[in-house]
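Just so it is clear: chains get the letters A, B, ... in the order the sequence lines come, proteins before strands, and each one is counted from 1. The model shown is predicted, which means the values in this text are computed figures rather than measured ones.
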2 protein chains.
Amino acid sequence: MKDVADRAGVSQMTVSSILNGQGSYRDATKRAVMAAIEELGYTPNLAAKRLASAADNRIGVLLLTPATPYMLAVVTAAVEASGNLAAQLQIERWTSLTDAFLAVRKLLAAGTRGVIVPPPLSASTQLLDMIAASGAIPVSIAPGGAPPAAHSCVWIDDEAATAEMTSWLVGMGHRRIAFITGDPEHASTGFRLEGYRRAMEAAGIDPSDQLVVQGDYKWKSGLEAAEMLLGQADRPTAIFAGNDDMAAAVLSFAHGKGISVPDELSVVGFDDTVLATAVWPKITTVKQPVEQMVQLGAEILLKELQSGRKSPKIVHRQLDFTIMARESAAPPR
Amino acid sequence: MKDVADRAGVSQMTVSSILNGQGSYRDATKRAVMAAIEELGYTPNLAAKRLASAADNRIGVLLLTPATPYMLAVVTAAVEASGNLAAQLQIERWTSLTDAFLAVRKLLAAGTRGVIVPPPLSASTQLLDMIAASGAIPVSIAPGGAPPAAHSCVWIDDEAATAEMTSWLVGMGHRRIAFITGDPEHASTGFRLEGYRRAMEAAGIDPSDQLVVQGDYKWKSGLEAAEMLLGQADRPTAIFAGNDDMAAAVLSFAHGKGISVPDELSVVGFDDTVLATAVWPKITTVKQPVEQMVQLGAEILLKELQSGRKSPKIVHRQLDFTIMARESAAPPR
DNA sequence: CTGAAAGCGCTTACAG
DNA sequence: CTGAAAGCGCTTACAG
């Protein structure tokens, strides 16, 4: 950076300001600096930046293992976000709910000042409270439908999302639409189911045509639900699985059964994880903007950490979901 | 760290030495320091450590998007390794082979001095050469069977692995064992197939009983292969898929078809990614120690970077694979 | 076996 | 609109 400053004929501080888009400077100065950067092939040293910036920039993320595709998306997003924000990221793994609390303790002991809490932990008021009580700041990611009042949160409206997807299916002409619920322990489960019900009702579809099978977000439960739903004579024309893992399982089952998707059966999911596009046909699903959610969560954390406030300002940010129309859904025959 | 030193009545440097296990110090000193750390709840600042350590500690990793489960394992491992080694990690995404080269250029432009190259790029001598030519150091991860002579590499013996798994299946009593190959573009594909063939031959199994179907490591190809293999009258009693994604597809197809796994059909995979345990029944597979491989790769890079050598010392490290016996394989009926 | 001091490459009040 | 200088929290030759 010093070399750049010398070459551009300015001070190091000016280079820093320009690089960070702060303060004011003349256009000519900026051009000179940019040119020098180009010529020298300069690239900032992230470690120095992290060190020189506010001291309180250690954030952590809780990683459920064995990792689901969704969790891996969260972690990758956290890595990118910490790069963008010059934060120090610490990843702590957990497996059972008991060691989730242990993992939090480790994180805190390691100096983490803010923690990104993805589902299903993000809906645990108890865990969020514990983090806050210890003096660190939690930010809840996608806690389902209703953000925790006492803590910051980034979320999408799960209920509206399943409602919209269901209506979309109805609009295509489907009436016998089945729904596979998620893990009852997850807060999102109830909201997603509710959205489905609401849309079905709004479409004036006979409740007896509403086929709801309980799942738990895992592949196996999707398989079992598919067996139940597709084994009977009067099959649904569409199956809405509460997440992509279960949708993928339904897809596979249908294949083996010789039921063509989407010709004879539409299958849709939720989340838009890697699975949705790894599988064939690609799954039509609700995209949760995980990267953006985590990035925003990290920003909230860092801003709060650097504000020096005694008690954190609670911020709730709701983001938009998107229906990703792909190949697994079509009008019924 | 200064506080710890003061409390323990030693210098900061002594604390540093003890923390890093370098130099020599009295046991009593160490105890005093440890006690001070405990009392103060001290935790090292990684950013400072990275900055103060050798300057050349920027390493990068190439991430194929959309990410496969295997790729995500690589990235998570890279994040952990960079934490352990106090290195700066830069992640660059690529999608097609052309932008793989672009991604490398970006990485190099960003100051990366060493790059971890996972499959399928790890077998591309051209890409490895390009990295080396630019003055950075490549380390090839799992390039298949034969490590690139000119570059450092961490690998497992894919051929020996499929041979061992095949023999294990034979030992259970299987004779009609099918094999689904991977993407012909990947170096591992040939080696894995060769291991299967070798073991089948060694078992004295009639070549006409050897069913080889071409796949490409993707789920869809596993599905198609399953259709071909299980659609015919004289079905194999076991299917060895070249990776877990294809094995999962076979599993699902069999389910729909009403073929019970492992009772009527054994299915095994390769890699041991999240998919292997997400699915049901859990897949018996060859575990590739990805975390360890990536950690080792990062270590090789950092050691070389800090050696100050003009031309890098080439190191090839072969690690052991493990057969993970789970629920998808059993003796034939 | 232990320490004083310089340096890693940035950012940030504070001046001008 | 721009700069001099201190400081972030570590590591590392070099001495003793």
Side-chain angles (χ1 to χ4, degrees), chain A residues 1-33 36-37 40-58 83-88 90 110-111 113 302-303 305-308, chain B residues 1-33 36-37 40-58 83-88 90 110-113 302 305-308:
Chain A
M1 183 155 150
K2 188 166 180 316
D3 295 344
V4 170
D6 288 350
R7 183 164 195 122
V10 299
S11 77
Q12 202 173 319
M13 154 148 202
T14 301
V15 175
S16 175
S17 303
I18 290 175
L19 243 28
N20 295 307
Q22 305 172 335
S24 40
Y25 36 78
R26 279 191 319 199
D27 227 51
T29 313
K30 176 167 180 178
R31 276 198 305 275
V33 168
I37 287 174
L40 263 33
Y42 164 81
T43 50
N45 182 320
L46 246 191
K49 186 167 184 152
R50 283 188 233 249
L51 179 57
S53 306
D56 271 353
N57 62 354
R58 284 150 141 169
N84 296 339
L85 301 170
Q88 298 187 53
Q90 303 180 335
R113 304 298 329 281
L302 254 22
K303 182 173 290 181
L305 249 22
Q306 285 159 16
S307 76
Chain B
M1 182 155 150
K2 186 165 182 316
D3 295 344
V4 170
D6 288 350
R7 182 164 196 123
V10 299
S11 77
Q12 202 174 319
M13 153 147 203
T14 302
V15 175
S16 175
S17 303
I18 289 174
L19 243 26
N20 295 306
Q22 305 172 333
S24 41
Y25 36 77
R26 278 191 320 198
D27 227 51
T29 314
K30 175 166 181 178
R31 276 199 305 274
V33 169
I37 287 175
L40 263 31
Y42 164 80
T43 49
N45 183 319
L46 246 190
K49 187 167 183 152
R50 283 187 234 249
L51 179 57
S53 305
D56 272 351
N57 61 355
R58 287 155 153 177
N84 296 340
L85 302 170
Q88 298 188 53
Q90 304 181 334
T112 299
R113 305 299 328 283
L302 253 24
L305 248 22
Q306 285 159 17
S307 76

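- One can place CG of B:Leu302 at 14 Å from P of D:dT11, the figure rounded to the nearest angstrom.
- The side chain of A:Ser11 lies closest to D:dG3, out of D:dT11, D:dG3, C:dC1.
- Across all strands, A:Ser17 comes closer than 4.0 Å to no nucleic acid atom at all (heavy-atom distances).
- Remark: C1' of C:dT11 and CG of A:Leu85 are 16 Å apart, rounded to the nearest angstrom.
- The nearest whole Å value for the distance from the CG atom in B:Asn57 to the C1' atom in D:dT11 is 12 Å.
- The side-chain hydrogen bond (donor to acceptor under 3.5 Å, both in side chains) test applied to B:Gln12 returns no partner, not counting sequence neighbours.
- Each salt bridge (charged side-chain N to carboxylate O under 4.0 Å, His left out) pair with one or both residues in residues 12-22 of chain A, not counting sequence neighbours, would appear here, but there are none.
- Distance from the side chain of B:Asn45 is smallest to D:dG9 among D:dT11, C:dT11, D:dG9.
- In this structure, OG1 in B:Thr43 is found 4.0 Å from CZ in A:Arg58, a value given to the nearest 0.5 Å.
- Summarising the geometry, the separation between NZ on B:Lys49 and C1' on C:dC10 is reported as 20 Å, rounded to the nearest angstrom.
- Nearest heavy-atom pair, A:Val4 versus A:Val33, reported as atom, atom and distance to 0.1 Å: CG1-O, 4.1 Å.
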Please list each protein N or O that sits under 3.5 Å from an N or O in nucleotides 13-16 of chain C, with the distance.
none

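- Residues passing the side-chain contact (heavy atoms from CB on, under 4.5 Å) test with B:Asn20, sequence neighbours excluded: B:Ser16, B:Gln22, B:Lys49.
- Where pairing requires Watson-Crick or G-U contacts shorter than 3.5 Å, the helical stems of DNA chain C with at least three consecutive pairs are C:1-3 with D:14-16, C:5-12 with D:5-12, C:14-16 with D:1-3.
- For the salt bridge (Lys or Arg N to Asp or Glu O under 4.0 Å) test, residues two or more places apart in sequence or in another chain that qualify with A:Asp6 are A:Lys2.
- We find that CD of A:Gln12 is positioned 13 Å from P of C:dT12, with the value rounded to whole Å.
- With D:dT2, D:dG3, D:dG9 as the choices, the nucleotide that has an atom nearest any side-chain atom of A:Tyr25 turns out to be D:dT2.
- Whole-Å rounding puts the B:Lys2 NZ to D:dC8 C1' distance at 14 Å.
- By the side-chain hydrogen bond (donor to acceptor under 3.5 Å, both in side chains) test, B:Asn84 pairs with B:Gln295, sequence neighbours left out.
- Considering only side-chain atoms of B:Val10, the nucleotide from C:dT2, D:dC10, C:dG3 that sits closest is C:dG3.
- The side chain of B:Ser16 lies closest to D:dT11, out of D:dT2, D:dT11, D:dC10.
- Distance A:Met1 CE to D:dA5 C1': 14 Å, rounded to the nearest Å.
- The side chain of B:Ala48 sits closest to D:dG9 out of C:dC10, C:dT2, D:dG9.
- Checked against side-chain hydrogen bond (donor to acceptor under 3.5 Å, both in side chains), A:Arg31 has the following partners two or more places apart in sequence or in another chain: A:Asp27.
- For A:Ser17, the side-chain contact (heavy atoms from CB on, under 4.5 Å) criterion is met by A:Met13, not counting sequence neighbours.
- One interatomic measurement links the two molecules: CG of B:Leu51 to P of C:dC10, which rounds to 9 Å at whole-angstrom precision.
- Considering B:Leu305, B:Asn57, B:Leu302 as possible partners of B:Arg113, the one that fulfils the side-chain contact (heavy atoms from CB on, under 4.5 Å) test is B:Leu305.
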